[in-house]
Amino acid sequence: MALSAKQAASVAAYIVKQKLKGNKRYPLVLMLEPLFRCNLECVGCGKIQHPEETLKRVLSPEQCFAAAEECGAPVVSVAGGEPLIHPQIRDIVYGLTDRKKFVYLCTNAILLEKKIDQFHPNDYLSFSVHLDGLREHHDHCVDRKGTFDKAVAAIKEAKRRGFRVTTNTTVFRGHKPEDLHAFFDEVMGLGVDGMVISPGYSYEKAPQQDIFLEREKTKEMFREALRPMREGKKKWTFNLSPFFLEFLEGKREYQCTPWGSPNFSILGWQRPCYLMSAGGYAKSFKELMEDTDWDRYGTGRHPKCANCMVSCGYEPTAVNDSLSSVPKMMKAFKSSL
C-alpha cells in the first residue's frame, strides 16, 4: 500500500470525526517549515529568495509542537528549506511522532546518509526524498551535478535500515512523458513505498519563470505520463488519492481546498496557503481559519490561482471526495492495494 494501514485508518477516522462535528473547514496536513535555508538553489524554488536575516531564522521544537497541537492535522510535512540543516531536527521529528502525528520529513537527501544515525524506524515517520526526474533532469532542476546519485544512495540506505521512504517529484514544462515513465520505473525499482507527483507552482520569485505549466498543458502532460498505468502496462504506486491523479489528467474538476494544508513557518501562519502569501500572515491558526476570506482564492477566483493544480491544494479536496460515498471509498481502497 502507498499509505500505511495505520495512517489510512487514522486519517479516515479524523475526517469522519470532523464531518460528524459539522466542521466544513479542517486541515489534513500541516505544512511545517522550521527554516527556509537550503543547501541547494533549485531553479523553480521561491522559498530561498528571502533576505539573509530571514534565512538565518529557525523555529524551535516547542514552536513546532505548539503549531501541530493548535492545528490538529493528523499528518505533518516537515519541509523548508532543507530540514536536515536544522540543528534540532531530530527533536522536532520525534516530538511530533510522540504526539501520534504522521511525519513526512521532506529532504533533498544530500545530508541524509550523514545524519541517518540520528533517526530510527517508526510507524509514524517517512522520509520524503525530492527527486524531479532521471539523473540529468534532476541535477539540472536543482542546479547541481551529483545530487541524483546522492539521493538514490540515501534512499537505498534508508530502506536497508527499515525506514519508510517516499519520493516527491515536481513536474515542469518540457518534461517528456517517456522520461517520466522511465523515472517511475527506476524509483519503483528502489523499493520506495510510494511516489508523490505534482505540477510546479509558479512562484513569483523563482529564478526561472519559463518552466511552469499552464492548466491545460498540465492535464495533457499527466494524461501521457500516466497512460501506461491506465492501460495496465505498468504498476506504479503513488502516495496520492487516485482522484487527485484523475484531476491532474483532466478527468475530474475540483476546487482548491487551501485550508487543507495550512503552512506554519518562521513568518507565522501563511495566508491563504503553503504556496502563496497574498493575504499575509496570521498570528494563530484560529486567526488563519476565522479571519481569512477563503472565497477569494481558488480556481477562477484569484489570478495567482489560475494555473495551480498543486497537490497541497487539491489533494485535500480529492481525499475528502474519496470519502463522500461508499463506491468512492471502495475505489480509493482498491487503488491502494
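Worth knowing before you read on, the calculation uses all heavy atoms, side chains too, and leaves out hydrogens, waters and symmetry mates.
The aromatic rings of His130 and His138 sit tilted, their planes meeting at an angle between 30° and 60°.
Between Cys305 and Met276, the shortest heavy-atom contact is SG-CE, 3.8 Å.
Residue Phe243 is not grouped with residue Val16 when hydrophobic side chains (ILVMFWY) are merged at heavy-atom distances under 4.5 angstrom, including chains of intermediate members. Leu20 and Leu28 are not part of a single hydrophobic cluster, where members link through side-chain heavy atoms under 4.5 Å apart.
Every residue two or more places apart in sequence or in another chain that forms a side chain to side chain donor-acceptor pair (under 3.5 Å) with Thr292 is listed here: Arg271. Scanning for side chain to side chain donor-acceptor pair (under 3.5 Å) contacts around Ser324 gives Asp321, with sequence neighbours left out. Residues forming a side chain to side chain donor-acceptor pair (under 3.5 Å) with Asp123 (at least two apart in sequence, or on another chain): Lys6. For Tyr254, the ring-ring contact (aromatic ring centres under 6.0 Å, His included) partners two or more places apart in sequence, or in a different chain, are Phe247. Residues meeting the side chain to side chain donor-acceptor pair (under 3.5 Å) test with Tyr297, sequence neighbours left out: none. Applying the ring-ring contact (aromatic ring centres under 6.0 Å, His included) rule to Trp269 yields the partners Phe264, Phe285; only residues at least two apart in sequence or on another chain are considered. The ring-ring contact (aromatic ring centres under 6.0 Å, His included) check on His137 picks up His175, with sequence neighbours excluded. For Arg296, the side-chain contact (heavy atoms from CB on, under 4.5 Å) test picks out Asp293, His302, with sequence neighbours left out.
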TODO: For the pair Tyr104 and Asn239, evaluate side chain to side chain contact (heavy atoms under 4.5 Å, CB included) and give the outcome as yes or no after the intermediate values.
DONE: CA-CA 11 Å; Tyr104 286 81; Asn239 199 42; 3.4 Å; yes
TODO: Output, in order, the C-alpha distance, side-chain angles, deciding distance and verdict of side chain to side chain contact (heavy atoms under 4.5 Å, CB included) for His86 and Val78.
DONE: CA-CA 11 Å; His86 196 296; Val78 182; over 6 Å; no
Task: Worked check of ring-ring contact (aromatic ring centres under 6.0 Å, His included) between Phe119 and Phe127 - done: CA-CA 10 Å; Phe119 303 94; Phe127 289 120; 5.6 Å; yes
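Each salt bridge (Lys or Arg N to Asp or Glu O under 4.0 Å) pair with one or both residues in residues 127-137, not counting sequence neighbours, appears once here: Arg135-Asp149. Residue pairs meeting the salt bridge (Lys or Arg N to Asp or Glu O under 4.0 Å) criterion with at least one partner in residues 274-286, sequence neighbours excluded, are Lys286-Glu290. Identified under the ring-ring contact (aromatic ring centres under 6.0 Å, His included) test for residues 58-81, with sequence neighbours left out: none. Listed by first then second residue, pairs satisfying side-chain hydrogen bond (donor to acceptor under 3.5 Å, both in side chains) with a partner in residues 8-18 read Gln18-Asn23, not counting sequence neighbours.
With a 4.5 Å cut-off on side-chain heavy atoms, Leu267 and Arg57 count as touching.
In this structure, a donor-acceptor pair under 3.5 Å is present between the side chains of Thr147 and Asp139.
Atom NZ of Lys24 is separated from atom OG1 of Thr257 by 14.0 Å, given to the nearest 0.5 angstrom.
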